[in-house]
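Keep in mind that this is a model prediction, so the values were computed, not measured.
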Amino acid sequence: MKSIATLLHEHPFFAGLSEETLTLIAGCGTNVHFKADETLFSENDPADLFYVLRRGRVAIELDPARGEALVLETVEAGEILGVSWILPPYRFAFDARAMEDTSAVAIDAACLRGKCDNDPALGYALFTRFAGLVHDRLQAARLQLLDLYGSTGR
């Protein structure tokens with residue numbers, strides 16, 4: 001069985017980080033598993049974790065007041081889930097639901113934020129990676145909403 005540090009080293013999101021840095025991050029990680037249709041987190045839950053998906057698919061959803069949840073994006077093995085851990089108020093903005101049996105490395109956010117506070121270079125390296133991920137997720141949500149509701153008329 002592979003160590004969490006090895007799993008992170010093999011993940012493209014963490015490419016370019018030193019072995020020492022990956023070991024620091026891995027110290028905050030644990031392996032987790034979710035069954036199909038299991039909720040990983042809900043909107044406004046504390047963003048105590050983020051996930052490095054190893055297997056499976058997860059829907060990032062917007063749960064309307066009534067009716068079916070709107071799937072904004074599907075995240076698959078090899079991707080990251082949960083960007084809200086890095087910025088206050090550390091609350092999830094959407095729901096996340098396993099679409100099939102899913103395995104991931106869960107990274108404890110408080111643990112990692114503490115390590116970032118003690119090592120600003122680590123904090124900067126992670127912040128720049130997650131800022132790009134936030135940008136990509138916002139664009140995906142925008143495109144999904146445009147697809148559903150059409151042009152804004154501008």
**Asked** Is the charged tip of R97 near the ring of F34: under 6.0 Å from the six-membered ring centre and within 45° of its axis?
**Response** no
**Request:** Rounded to the nearest 0.5 Å, what's the gap from OG1 on T39 to CD on E61? Could you check?
**Result:** 8.0 Å
**Residue that, paired with I60, satisfies side chain to side chain contact (heavy atoms under 4.5 Å, CB included) out of L81, T74, V71, L70** = L81
**Message:** Working to the nearest 0.5 angstrom, can you tell me the gap between F41 CZ and L49 CG?
**Reply:** 9.5 Å
**Asked** Do the side chain of K115 and the main chain of L24 share a donor and acceptor less than 3.5 angstrom apart?
**Response** yes
**Asked** Any chance NE2 of H11 has more than 12 other-residue heavy atoms, nucleotides or ligands included, within less than 6.0 Å?
**Response** yes
**Complete:** For C28, the disulfide (SG to SG under 2.5 Å) test, sequence neighbours excluded, returns C111
**Message:** To the closest 0.5 Å, what do you measure between OG (S103) and CZ (R54)?
**Reply:** 6.0 Å
**Prompt:** Which atoms form the tightest heavy-atom contact between I80 and V75, and what is the distance?
**Reply:** O-CG1, 3.7 Å
**Item:** Short side-chain to backbone donor-acceptor contact, D101 and K35, under 3.5 Å
**Value:** no
**Request:** Treat each ILVMFWY residue as a node, draw an edge where side-chain heavy atoms are under 4.5 Å apart, and state whether M99 and L40 are in one component.
**Result:** no
**Message:** Tell me if a side-chain donor or acceptor on D95 pairs with a main-chain N or O of E43 at a distance below 3.5 Å.
**Reply:** yes
**Request:** Without swapping roles, check the side chain of T128 against the backbone of Y124 for a donor-acceptor pair under 3.5 Å.
**Result:** yes
**Item:** Cationic N near anionic O, under 4.0 Å, K2 to E10
**Value:** yes
**Prompt:** Tell me, do V32 and Y51 make a side-chain contact under 4.5 Å, heavy atoms counted?
**Reply:** yes
**Asked** Can you tell if the side chain of V52 reaches within under 4.5 Å of the side chain of L7, non-hydrogen atoms only?
**Response** no
**Item:** Approximate separation, where rounding is to 0.5 Å, of L22 CG and F14 CZ
**Value:** 7.5 Å
**Item:** Shared hydrophobic cluster, L126 / Y90 (ILVMFWY, side-chain heavy atoms < 4.5 Å)
**Value:** no
**Prompt:** Is I25 reachable from F13 through a run of I, L, V, M, F, W or Y residues, each pair having side-chain heavy atoms under 4.5 Å apart?
**Reply:** yes
**Message:** Is the shortest side-chain heavy-atom distance between L17 and H9 below 4.5 Å?
**Reply:** no
**Asked** Any sub-3.5 Å donor-acceptor pair from R91's side-chain atoms to N44's backbone N or O?
**Response** yes
**Distance-minimising heavy-atom pair for T102 and G56** = OG1-CA, 3.7 Å
**Request:** Would you check if the side chain of S42 reaches a backbone N or O of D45 as a donor-acceptor pair within less than 3.5 Å?
**Result:** no
**Item:** Atom pair CD1 (I86) and CG (L112), whose distance is rounded to the nearest 0.5 Å
**Value:** 7.5 Å
**Message:** Which heavy atom of D48 sits nearest to which heavy atom of F92, and what is that distance?
**Reply:** N-CE1, 4.4 Å
**Prompt:** Partners of R57 by salt bridge (Lys or Arg N to Asp or Glu O under 4.0 Å), sequence neighbours excluded?
**Reply:** E100
**Complete:** Distance col, row I4:CD1 vs I107:CD1, nearest 0.5 angstrom, shows 6.5 Å
**For F50, all residues meeting ring-ring contact (aromatic ring centres under 6.0 Å, His included), sequence neighbours excluded** = W85, F130
